[in-house]
Amino acid sequence: MAGEDEDGWSSVAGEWAELWGGFADPARRAVIAATGIGSGFRVLDIGCGSGELLAMLDRLGVAAAGIDPAPGMVALARTKAPRADVRLGSAESLPWPDGGFDVACAFNALQFAEDTLDAVAEAVRVTKPGGLIAVCNWAERSHNDIDTIEAAVAAAHGDEPIPDGDLRPAGGLESLLAEAGLEVVAAELVEVLWTAPDDDTLVRGVLLGEDAAGQAAGAPTVLEAATPFRVAGGGYRLSNAFRFAVARTPA
Ligand SMILES: C[S@@+](CC[C@H](N)C(=O)[O-])C[C@H]1O[C@@H](n2cnc3c(N)ncnc32)[C@H](O)[C@@H]1O
């Protein structure tokens with residue numbers, strides 16, 4: 001049911017925030033620049049996770065709101081951005097009236113909606129006429145070192161790597177927004193690095209959501225696949241990329 005944490009994000013909220021919460025900051029800054037978000041704007045972050053974007057928006061003087069179906073994520077977001085209006089719920093049914101936001105955005109979240117197009121339509125509903133919708137997601141696998149490691153983990157289980165789907169490749173987000181009847185005004189590829197200072201952090205980050213036994217079993221595969229990404233002096237540096245597209249709602 002929409003609004004429930006079906007994917008279990010609450011159980012990994014703390015580790016998500018610790019290991020992955022900040023890595024999308026370059027994409028967040030790029031979307032803020034592309035949309036012209038600034039002081040006095042009203043901005044909604046759909047699938048706000050542990051609240052890093054909300055905190056960034058608050059520092060800019062934005063009236064920030066966020067929503068997430070995972071109670072653990074909502075609790076962290078409220079702590080990280082105490083002035084933001086953070087609600088429990090999902091992209092499919094946003095508990096705000098029509099036309100109240102200047103910009104609605106979703107980072108690395110819309111792929112979890114039951115119907116992506118319905119989620120975009122709901123974002124449009126709560127955004128003012130002539131406002132902006134920004135959707136940001138992982139770029140296709142070929143851009144992401146993390147996908148090389150995840151492919152090795154999948155292969156160790158006899159599985160195929162998770163396919164890119166419609167949203168990740170170039171033009172995917174633009175097609176989604178155009179299908180929703182919006183005028184695409186910007187699109188970009190942004191490098192997002194992920195670093196791990198040691199083997200333990202690398203394994204916990206890649207195998208987020210696995211229990212201790214699963215992490216111990218998967219560690220040799222992760223460490224071997226990550227060999228090309230080792231840095232001198234220890235630790236790992238993974239180059240990855242996000243894509244975003246921004247579209248204007250009908251005036
Ligand atoms: C990969 S995390 C990204 C969090 C945050 N946007 C960020 O970039 O750090 C995905 C988030 O989407 C949320 N999510 C899952 N299903 C959702 C849905 N149907 N609507 C909105 N958010 C959803 C999860 O609870 C989780 O917090």
Side-chain angles (χ1 to χ4, degrees), residues 1-32 35 37 43-58 64-81 84-96 101 103-126 133-139 144 146-147 150 162 165 167-168 173 176 190-194 204-209 240-245:
M1 193 179 98
E4 287 185 357
D5 181 21
E6 289 167 350
D7 302 313
W9 282 99
S10 277
S11 62
V12 297
E15 278 209 300
W16 168 266
E18 174 201 342
L19 300 170
W20 291 97
F23 97 109
D25 277 356
R28 293 172 182 138
R29 286 192 289 268
V31 167
I32 286 169
T35 52
I37 287 173
V43 178
L44 174 64
D45 183 16
I46 299 164
C48 63
S50 41
E52 289 76 12
L53 176 64
L54 296 176
M56 191 181 275
L57 293 171
D58 184 66
I67 188 161
D68 201 286
M73 290 291 199
V74 166
L76 287 176
R78 286 180 175 150
T79 303
K80 203 158 284 184
D85 171 12
V86 185
R87 302 190 188 181
L88 184 68
S90 69
E92 295 86 345
S93 177
L94 299 172
W96 283 279
F101 294 101
V103 181
C105 50
F107 284 77
N108 193 9
L110 274 200
Q111 69 272 32
F112 301 113
E114 280 171 25
D115 184 312
T116 317
L117 202 54
D118 284 352
V120 173
E122 186 62 350
V124 171
R125 181 188 65 75
V126 299
I133 307 293
V135 182
C136 185
N137 267 71
W138 285 91
N144 304 320
I146 184 78
D147 281 295
E150 288 184 344
I162 296 170
L167 295 185
R168 282 179 162 212
L173 297 174
L176 170 72
V190 184
E191 186 182 26
V192 285
L193 290 176
W194 187 75
R204 287 195 302 123
V206 173
L207 299 180
L208 185 79
N240 307 292
F242 272 16
R243 292 186 184 279
F244 74 81

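Each residue takes its place number in the sequence, starting with 1. Both ligands and their constituent atoms are indexed starting at 1 by order of listing.
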| Candidate pair Ile32 and Leu57, rule side chain to side chain contact (heavy atoms under 4.5 Å, CB included), full reasoning | CA-CA 9 Å; Ile32 286 169; Leu57 293 171; 4.1 Å; yes

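Contact analysis leaves Trp20 out of contact with ligand 1, as no non-hydrogen atom separation drops below 4.0 angstrom. Within the 4.0 Å heavy-atom cutoff, Glu114 does not count among the residues contacting ligand 1. Residue contacts with ligand 1: Pro69 is included, with a non-hydrogen atom under 4.0 Å away.
For ligand 1, the atoms closer than 4.0 angstrom to any heavy atom of Phe107 are 3 (C), 5 (C), 6 (N), 8 (O). Ligand 1 places these atoms under 4.0 Å from at least one heavy atom of Ala113: 19 (N). Interface of Ala91 with ligand 1, defined as ligand atoms under 4.0 Å from a residue heavy atom, comprises 18 (C), 20 (N), 21 (C). Contact atoms of ligand 1 toward Met73: 27 (O) (distance under 4.0 Å to a heavy atom of the residue). Within ligand 1, the atoms closer than 4.0 Å to a non-hydrogen atom of Ser90 are 18 (C), 19 (N), 20 (N), numbered from 1 in the order shown. Residue Glu92 approaches ligand 1 through these ligand atoms, each under 4.0 Å from one of its heavy atoms: 19 (N). Residue contact check: Ala70 has heavy atoms under 4.0 Å from atoms 25 (O) of ligand 1. Ligand-side atoms of ligand 1 in range of Arg28: 7 (C), 8 (O), 9 (O), range being under 4.0 angstrom from any heavy atom.
One distance of note links CD of Glu122 with CG of Asp115; it measures 12.0 Å at 0.5 Å rounding. Atoms CG and CD1, from Asp45 and Ile67 in turn, are 10.5 Å apart once rounded to the nearest 0.5 Å. For the atom pair CD (Glu52) and CZ (Arg28), the distance works out to 5.0 Å, reported to the nearest 0.5 Å.
Polar contact with ligand 1: absent for Gly21 (N/O pair, distance under 3.5 Å).
Closest of all the heavy-atom pairs between Val43 and Cys105 is CG1-SG, 4.1 Å. The heavy-atom pair separating Phe242 from Cys136 by the smallest distance is CD2-SG, 3.6 Å.
None of Asp147, Asn144, Val190, Leu193 except one satisfies the side chain to side chain contact (heavy atoms under 4.5 Å, CB included) rule with Asn240; the exception is Asn144.
Among Gly47, Gly49, Gly8, the residue whose heavy atom lies closest to atom 6 (N) of ligand 1 is Gly47.
Using modelled atom types and a 3.5 Å distance limit, the side chains of Asp85 and Trp96 yield a donor-acceptor pair.
At a heavy-atom cutoff of 4.0 Å, ligand 1 is contacted by no atom of Ala24, backbone or side chain. For Asp68, every heavy-atom contact with ligand 1 shorter than 4.0 Å involves the side chain, none the backbone. Counting heavy atoms under 4.0 Å from ligand 1, residue Phe112 touches it through both backbone and side chain.
Using a 30° and 60° split on the angle between ring planes, Trp16 and Trp20 fall in the parallel class, below 30°.
With Glu92 contributing its side chain and Glu114 its backbone, the two residues share a donor-acceptor pair below 3.5 Å.
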